[in-house]
Enquirer: 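This structure is in structure tokens; I'll ask about it shortly.
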Protein chains: 2
Amino acid sequence: MTITDVANHAQVSTTAVSKVLRNAYGVSEAMRAKVQAAIDELGYRPHAAARAMRGRTFTIGVLLPHIRNPFFADILDGLTEQIGPAGYQAIMVQAGGTDPKEERRAVDALVDRQVDGILTIAPALAKAELEEIGGGTPTVVLGRHDRSAVYDSVLDDDEVGAELVVEHLIALGHRRIAHITQADDGRGRATALLQTIRARTYERVMTEHGLADHIALAVTSYTEEGGYEGAKRLLARTPRPTAIFAGADQAAYGTLAAVHEAGLTVPGDISVAGYDNARISRLAHISLTSVDQDGAIMGRTAGRLLLERIEGRTSAVRFSVTPTLVTRRSTAPPAGAS
Amino acid sequence: MTITDVANHAQVSTTAVSKVLRNAYGVSEAMRAKVQAAIDELGYRPHAAARAMRGRTFTIGVLLPHIRNPFFADILDGLTEQIGPAGYQAIMVQAGGTDPKEERRAVDALVDRQVDGILTIAPALAKAELEEIGGGTPTVVLGRHDRSAVYDSVLDDDEVGAELVVEHLIALGHRRIAHITQADDGRGRATALLQTIRARTYERVMTEHGLADHIALAVTSYTEEGGYEGAKRLLARTPRPTAIFAGADQAAYGTLAAVHEAGLTVPGDISVAGYDNARISRLAHISLTSVDQDGAIMGRTAGRLLLERIEGRTSAVRFSVTPTLVTRRSTAPPAGAS
DNA sequence: GTGAAAGCGCTAACAC
DNA sequence: GTGTTAGCGCTTTCAC
């Protein structure tokens with residue numbers, strides 16, 4: 001079932017069919033109707049690979065670090081909502097860990113498949129590599145703070161978000177506030193990575209409040225395992241922190257497990273806060289104080305920016321959402337606070 | 001950078017290059033080395049779309065209902081582990097809800113992109129549609145109980161799993177045990193769907209223990225929202241159930257929230273059990289009794305079966321894993337049990 | 001063992 | 001407004 005079959009069936013040229021398929025300029029209404037009828041009748045669907053040889057694939061490639069973080073689902077929903085009506089389909093690939101090599105392989109897989117646009121979510125790649133990719137394919141980078149003239153950026157203001165958490169804990173009366181962050185791999189400017197911004201903001205706010213001596217960092221990863229491991233280390237300190245700010249909700253879940261396992265209670269002995277406001281964090285049993293960044297809006301915006309670039313925009317755009325703090329039962333004044 | 005460039009650079013024909021690329025029969029060792037050197041030197045990567053026109057894409061398409069269920073991540077990891085070394089790349093598309101129309105659209109997107117194989121996870125499509133897809137592309141269906149001669153099946157023995165949960169609750173002394181299940185859309189034989197098997201097994205085991213009068217079903221969906229909604233309905237019954245078996249962990253999380261919101265405790269007032277043994281269920285704060293099905297093995301097997309089919313196998317294979325029960329703190333004897 | 005050449009299904013000049 | 005036709009980069013006969 002090819003475009004030639006449709007053309008024969010409708011008694012027109014393949015050009016006409018191609019134009020109807022792409023809603024291109026220069027087809028009469030009668031022609032359109034005739035061709036469309038033939039398409040419907042034959043149940044024809046264009047061959048994506050053949051299209052890719054010459055024109056568009058109507059595909060947006062999404063690079064996800066992994067599919068375990070429910071926050072990514074919000075982003076994807078927003079993206080799909082935006083690009084679907086324009087006839088685009090999102091395909092996802094998993095980066096597989098924080099190894100930039102693996103990530104590069106995954107993003108190359110998208111490039112090789114001739115996607116029309118790429119959305120990378122919190123990539124660990126060096127900026128130069130991202131620009132190389134952006135130079136060849138319209139690209140939106142989500143969750144990084146570098147400024148590029150080659151690709152668009154969608155990000156949450158992590159400095160605001162981290163500040164909200166630390167200020168909240170300090171206002172509750174906490175002084176020994178610890179933080180769990182994710183290691184960066186040392187390539188490129190670290191200040192571009194959201195975990196670095198969150199961690200530095202934590203240190204800055206602590207210092208501003210005269211709590212520099214109480215700064216305690218655990219460098220693991222934004223995963224449940226990372227949160228668990230980090231919390232175990234932090235809880236072993238003497239004196240023990242009274243609050244733990246995990247840089248991501250996933251890590252906060254691991255922290256909750258570690259606290260519980262140590263025979264301590266939340267928030268009685270330890271307050272815990274996260275970042276992302278994943279849906280599960282809202283559940284009464286977890287009830288995690290967290291920073292809400294609107295993933296759906298971020299996804300929709302990424303989609304819009306990609307469509308604009310595909311249509312020809314070449315100037316770079318940077319879109320930042322301002323996060324808000326959602327306080328729940330996992331944070332409370334420290335024991336002994338009057 | 002095309003195959004012609006490589007051929008020119010190595011002073012050979014494009015045929016030779018193509019053969020080296022595909023590890024095809026009939027190239028001398030010297031030729032292979034020369035061509036490989038040119039490939040490496042030029043940093044050449046084959047154009048996937050051009051390949052797709054004639055041969056393989058080295059791509060496996062995965063249809064996911066959504067990316068919120070962490071159990072799917074285990075499956076995907078297993079799949080990647082299996083197909084990666086063979087040079088295959090997994091790409092995922094989201095079905096977007098339980099609407100079979102949406103699901104069909106998503107799977108067609110994979111077919112249009114000429115993937116070499118398709119893995120559908122817990123699809124809601126009619127069997128006839130799955131067979132149509134399987135007829136055109138090697139297909140593995142994960143999580144359905146229909147028997148097909150056209151596609152392979154990978155499943156967990158849901159009858160065993162559901163029985164383990166209900167027997168466990170009964171052994172603890174519960175009698176008023178309720179169940180939250182997912183609606184099916186009425187297409188095709190319902191007995192093919194895992195939610196139907198789990199629900200019917202629940203009814204059967206209850207009946208076998210003389211508890212037919214205590215059967216209480218809430219038909220919502222395997223999501224947090226579905227679990228929350230279903231639990232609210234069940235808790236409104238008089239007399240109230242003492243245990244709720246949610247057909248999936250996601251739904252169990254919603255159930256926990258609803259129970260908590262009703263001012264009741266788990267497991268003091270209500271025992272809660274799930275199915276899937278997602279990682280979060282292990283966390284001390286949730287500590288959900290659940291059924292473990294080994295997602296990694298299921299994913300690896302699906303990958304192996306797909307590669308076999310791509311290599312030419314035409315007979316259908318059915319692979320079933322036997323689940324186990326993991327008891328945690330969310331289930332306990334009912335209040336008033338001596 | 002190696003290479004020339006046809007053609008996969010589509011898009012886009014360009015001619016009519 | 002419509003049709004003819006030359007490729008896109010690769011794989012695959014089929015000669016040599």
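Worth knowing before you read on, the calculation uses all heavy atoms, side chains too, and leaves out hydrogens, waters and symmetry mates. Letters A, B, ... mirror the listed sequences (proteins, then strands); counts begin at 1.
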Enquirer: Evaluate the side-chain hydrogen bond (donor to acceptor under 3.5 Å, both in side chains) criterion for residues S221(A) and T223(A): first the C-alpha distance (whole Å), next the side-chain angles of each, then the deciding distance (0.1 Å), finally the verdict.
Expert: CA-CA 6 Å; S221(A) 71; T223(A) 60; 2.9 Å; yes

Enquirer: Rounded to whole angstroms, how far apart are CD1 on I39(B) and P on dC10(D)?
Expert: 10 Å

Enquirer: Nearest whole Å is fine: how far is dT11(C) C1' from Q114(A) CD?
Expert: 14 Å

Enquirer: Determine the minimum heavy-atom distance between V27(B) and M31(B), stating which atoms define it.
Expert: CG1-CG, 3.9 Å

Enquirer: Is the phosphate of dT2(D) approached by Y25(A) (side-chain N or O, under 4.0 Å from OP1 or OP2)?
Expert: no

Enquirer: So, under a plain 3.5 Å distance rule, would you say the side chain of T15(A) forms a donor-acceptor pair with the base of dT4(D)?
Expert: yes

Enquirer: Looking only at side-chain N and O atoms, does S18(B) come under 4.0 Å of OP1 or OP2 in dC10(D)?
Expert: no

Enquirer: Centroid separation under 6.0 Å, is that true for the rings of H66(A) and F72(A)?
Expert: yes

Enquirer: Is R56(B) close enough to dT11(D) that one of its side-chain N or O atoms is under 4.0 Å from OP1 or OP2 there?
Expert: no

Enquirer: Can you give me the closest heavy-atom contact between S153(B) and D146(B), atom names plus distance?
Expert: OG-O, 3.8 Å

Enquirer: Once you round it to whole Å, what is the distance between C1' of dC10(C) and CE of M1(A)?
Expert: 16 Å

Enquirer: Does dC8(D) have its OP1 or OP2 closer than 4.0 Å to a side-chain nitrogen or oxygen of R51(A)?
Expert: no

Enquirer: Kindly point out which of dG9(C), dG1(C), dG3(D) is positioned nearest to the side chain of S28(B)?
Expert: dG1(C)

Enquirer: Taking the minimum atom-to-atom distance to the side chain of P46(B), which one of dC10(C), dC8(C), dC10(D) wins?
Expert: dC10(D)

Enquirer: Rounding to an integer number of Å, can you tell me how far H47(B) NE2 sits from dG7(D) C1'?
Expert: 13 Å

Enquirer: So, is R54(B) near the phosphate of dG7(C), with a side-chain N or O under 4.0 Å from OP1 or OP2?
Expert: no

Enquirer: Mapping V17(A) and S13(B) onto DNA chain C by nearest heavy atom, which one lands closer to the 5' end?
Expert: S13(B)

Enquirer: Quickly work out the K34(B) NZ to dG3(C) P distance and round it to whole Å.
Expert: 7 Å

Enquirer: From the list dG3(D), dG9(D), dT11(D), which nucleotide is the closest neighbour of the side chain of A16(A)?
Expert: dG3(D)

Enquirer: Considering heavy-atom distances to DNA chain D, does T14(B) or Q11(A) have its closest nucleotide positioned more toward the 5' end?
Expert: Q11(A)

Enquirer: State, without any angle test, whether R113(A) and T57(A) hold a side-chain donor-acceptor pair at a distance under 3.5 Å.
Expert: no

Enquirer: Without decimals, in angstroms, what is the distance between N8(A) CG and dT4(D) P?
Expert: 11 Å

Enquirer: Quick check on DNA chain C: between G26(B) and L21(A), whose nearest nucleotide comes earlier from the 5' end?
Expert: G26(B)

